[in-house]
Amino acid sequence: NFCESFKISMKKEKYPIFFFFYLYYTSNINKRRSETSITEGRKKVMKRKLALLAMAGLLVVSTAACGSSGGDNGGSDKGGDKSTSDVANKDKPLVWFNRQPSNSSTGELDKNALNFNKDTYYVGFDANQGAELQGTMIKEYIEENIATIDKNGDGVIGYVLAIGDIGHNDSIARTRGVRKALGTDVEKDGAINSDPIGTNTDGSSKAVKDGSIEVGGKKYIIRELASQEMKNSSGATWDAATAGNAIGTWSSSFGDQIDVIASNNDGMGMSMFNAWSKDNQVPTFGYDANNDAVAAIAEGYGGTISQHADVQAYLTLRVLRNSLDGVDIDTGIGTADEAGNVLSEDVYRYSEEERSYYALNVAVTAENYKEFTDSTKVFEPVSNQLDEKEHAKKKVWLNIYNASDNFLSSTYQPLLQNYDDLLNLDVEYIGGDGQTESNITNRLGNPSQYDAFAINMVKTDNAASYTSLLNQ
């Protein structure tokens with residue numbers, strides 16, 4: 001680094017460095033003057049003086065550009081800030097979001113990834129609480145509309161289930177939540193089986209069982225007629241188009257038996273709603289409270305779950321801001337910051353053991369959907385601008401696993417973009433293809449140019465694909 005070398009040389013010399021050059025050149029001139037004519041010597045002296053003046057001017061400019069050499073730091077950093085070059089990539093703040101580092105088969109958390117360094121956290125939502133909420137919402141809808149929901153009058157309330165990703169903890173939790181609430185759950189390896197069952201119109205599947213519900217003295221059977229992981233031919237999961245095709249296949253085979261549609265997210269749910277269930281007045285339930293799904297409740301969409309994306313997006317960037325500032329991680333979260341930003345305990349929780357922040361979920365139904373019509377609006381309690389003098393602008397690398405993901409692209413990223421300005425963060429947004437980590441990691445060629453990282457993996461098992469780059 002030129003500036004550092006320059007400062008060191010200035011500190012070591014007992015006189016200005018340009019005076020050293022002057023002594024050197026003038027002594028050299030005197031030595032050679034005797035070997036040339038007076039006229040020729042004067043010409044050479046003049047040329048060397050001009051070179052000397054140019055050199056001195058350059059050094060003066062360098063001194064100004066590199067800053068004073070009188071201290072260890074060229075300026076005063078607020079709140080423990082450090083320049084990017086002062087911090088190794090492996091020590092920079094890192095937040096995993098939306099996809100928690102974990103074993104996709106067992107769900108066991110990847111503690112190495114969650115403890116990558118002292119400034120590493122995860123931000124998501126309480127998957128189990130949200131899953132139970134979705135299941136309860138569907139069960140209550142059936143109970144309240146039992147007189148009209150059994151369309152063919154066979155005494156069986158049949159539902160189909162769109163599964164997002166069989167290896168994703170959130171997808172697993174939502175499948176289990178629906179099955180538990182409706183009484184169709186079967187235990188496998190000590191937990192509710194979350195596997196897709198294919199087709200089960202006769203109720204013979206071993207992965208699920210028939211549930212039952214009694215309303216007004218009459219008992220009804222509840223049956224999972226079919227379920228499928230919505231993965232397309234390229235390997236992308238949570239695929240809306242695949243869900244639309246699936247409901248087309250199911251409805252053509254046993255459409256008169258389908259009384260309810262349940263989906264692990266609104267992207268797939270809305271695809272099925274638009275393809276078939278809207279015209280056939282079959283209530284469809286999703287998850288995420290995307291704008292289009294919330295609006296569709298007025299047209300017959302059964303309901304959805306708000307995972308408080310506005311709180312999640314804020315937490316994703318806030319933990320980075322706090323780590324960069326060197327302040328208590330709870331600042332602006334559970335404890336108000338100087339701008340007045342603070343979250344109440346009823347919208348999030350923190351697990352110190354898991355180093356994870358979880359937003360809490362809210363059911364969105366016909367009774368309250370008008371309160372959720374704009375999913376990209378910042379959460380009012382944390383909408384105050386930070387002072388850039390106290391919180392200097394920092395550069396963040398942030399990726400979304402799939403640029404086509406409905407929730408992340410239409411809700412989460414717009415929220416992040418609203419918060420990054422409030423928190424004085426210069427965020428570079430990277431969208432993946434939803435299939436491979438390399439499509440994302442190949443674009444992280446120079447981690448040193450960033451102050452912090454926010455990572456959304458394609459697969460929850462693949463944290464090492466990113467940490468290996470930061471360890472280099």
Side-chain angles (χ1 to χ4, degrees), residues 130-131 133-146 148-152 156-164 170-171 174-175 177-179 181-182 184 196-197 199 222-230 238-307 361-370 372-373 375 405-407 410-411:
L133 201 59
Q134 186 188 31
T136 300
M137 175 177 63
I138 297 172
K139 180 184 177 183
E140 290 178 350
Y141 183 95
I142 292 172
E143 291 172 339
E144 293 168 3
N145 296 274
I146 196 66
T148 58
I149 201 167
D150 183 14
K151 296 189 182 307
N152 64 359
V156 177
I157 310 301
Y159 73 93
V160 293
L161 176 62
I163 296 175
D170 297 342
S171 184
R174 293 172 198 177
T175 297
V178 169
R179 289 175 177 172
L182 300 181
T184 58
I197 62 168
T199 303
I222 298 183
R223 177 174 297 165
E224 185 170 313
L225 300 171
S227 57
Q228 174 186 324
E229 180 187 36
M230 301 305 170
W238 305 85
D239 189 61
T242 301
N245 292 334
I247 193 62
T249 300
W250 292 334
S251 62
S252 64
S253 299
F254 48 88
D256 64 330
Q257 299 179 54
I258 302 174
D259 301 309
V260 177
I261 295 175
S263 174
N264 282 175
N265 77 357
D266 281 333
M268 299 181 298
M270 281 299 294
S271 180
M272 301 168 85
F273 181 72
N274 290 325
W276 181 77
S277 60
K278 178 181 177 180
D279 290 341
N280 289 274
Q281 299 181 322
V282 174
T284 303
F285 297 86
Y287 202 114
D288 291 333
N290 291 341
N291 281 345
D292 59 344
V294 173
I297 291 177
E299 301 175 328
Y301 197 70
T304 181
I305 300 295
S306 168
Q307 51 174 287
N361 305 267
V362 181
V364 181
T365 65
E367 284 71 38
N368 66 346
Y369 77 94
K370 292 181 180 179
F372 296 86
T373 52
S375 62
D405 182 276
N406 188 269
F407 167 66
S410 68
T411 300

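Being a predicted model, the structure only gives us computed values, none of them experimental. Each residue takes its place number in the sequence, starting with 1.
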**Asked** Taking N368 for the side chain and A363 for the main chain, is one N or O donor matched with an acceptor at less than 3.5 Å?
**Response** yes
For the pair D279 (side chain) and W276 (backbone), establish whether a donor and an acceptor sit closer than 3.5 Å, ignoring hydrogens and angles. no
Less than 4.5 Å apart, side chain to side chain, heavy atoms only: is that true for S227 and R179?
yes
In short, N291 meets F372 closest at the heavy-atom pair OD1-O, 4.5 Å
In the structure I gave you, are the side-chain heavy atoms of T411 and D288 within less than 4.5 Å of one another anywhere? no
In this structure, CD1 of I157 is separated from CD of E143 (nearest 0.5 Å) by 11.0 Å
Side chain S263, main chain G286, donor-acceptor under 3.5 Å:
no
In this structure, CE of M137 is separated from CD1 of I142 (nearest 0.5 Å) by 11.0 Å
Under a 3.5 Å threshold, yes or no: a donor from one side chain and an acceptor from the other, between Q307 and Y287? no
Query raised in the report: Counting distance only, does the side-chain N/O of T304 pair as donor-acceptor with the main-chain N or O of A289 below 3.5 Å?
Result: yes
In this structure, CD of E229 is separated from OG1 of T242 (nearest 0.5 Å) by 9.5 Å
Main chain of T249, side chain of S252: is a donor-acceptor contact present, judged purely on distance under 3.5 Å? yes
Closest non-hydrogen atoms of I297 and T365, given as atom of the first, atom of the second and distance, are CG2-C, 4.0 Å
Between the CG atom in L225 and the CD1 atom in I261, the distance rounded to the nearest 0.5 Å is 10.5 Å
**Enclosure of K139 NZ (heavy-atom neighbours >12, cutoff 6.0 Å)** = no
| message | As a quick check of understanding, evaluate side chain to side chain contact (heavy atoms under 4.5 Å, CB included) for I247 and S277, giving each step before the final call. | response | CA-CA 9 Å; I247 193 62; S277 60; 5.9 Å; no
Item checked: Pair Y301 and Y369, ring centroids less than 6.0 Å apart -> no
- Query: Can you tell if the side chain of I305 reaches within under 4.5 Å of the side chain of V362, non-hydrogen atoms only?
  - Reply: no
dist M270:CE -> T284:OG1 (nearest 0.5 Å) comes out at 9.0 Å
Checklist entry - Do any N or O atoms from the side chain of D266 and from the backbone of N290 form a donor-acceptor pair under 3.5 angstrom? => result yes
Note to self: Could you go through M272 and V282, starting from their C-alpha distance and side-chain angles, then the distance that decides it, and tell me whether this counts as side chain to side chain contact (heavy atoms under 4.5 Å, CB included)?
What the structure shows: CA-CA 10 Å; M272 301 168 85; V282 174; over 6 Å; no
Is it true that the side chains of T184 and Y159 contain a donor and an acceptor less than 3.5 Å apart? yes
Please determine whether side chain to side chain contact (heavy atoms under 4.5 Å, CB included) holds for the pair E224 and L161, giving the CA-CA distance in whole Å, both sets of side-chain angles, and the decisive distance to 0.1 Å.
CA-CA 7 Å; E224 185 170 313; L161 176 62; 4.1 Å; yes
Minimal heavy-atom distance between K151 and D259, with the atoms involved, is N-OD1, 3.3 Å
Smallest heavy-atom separation, M230 atom then A246 atom, equals CE-CB, 3.6 Å
* Asked: Taking it one step at a time, do N406 and W238 satisfy side chain to side chain contact (heavy atoms under 4.5 Å, CB included)?
  -> CA-CA 9 Å; N406 188 269; W238 305 85; over 6 Å; no
Looking only at heavy atoms, the pair that brings A275 and G244 closest together is CB-O, 4.2 Å
Give a yes or no answer on whether the side chain of R174 reaches the backbone of N264 with a donor-acceptor pair at less than 3.5 Å. yes
Rounded to the nearest 0.5 angstrom, the CD1-OG1 distance for I163 and T175 is 4.0 Å
query: Is a side-chain N or O of S271 found less than 3.5 angstrom from the main chain of G267, in a donor-acceptor match?
result: no
Check whether any side-chain N or O of N145 sits under 3.5 Å from a backbone N or O of T148 as a donor-acceptor pair, and report yes or no.
no
Notebook entry, point to check: Is atom CD of Q281 surrounded by more than 12 heavy atoms (other residues, nucleotides or ligands) closer than 6.0 Å?
Noted result: no
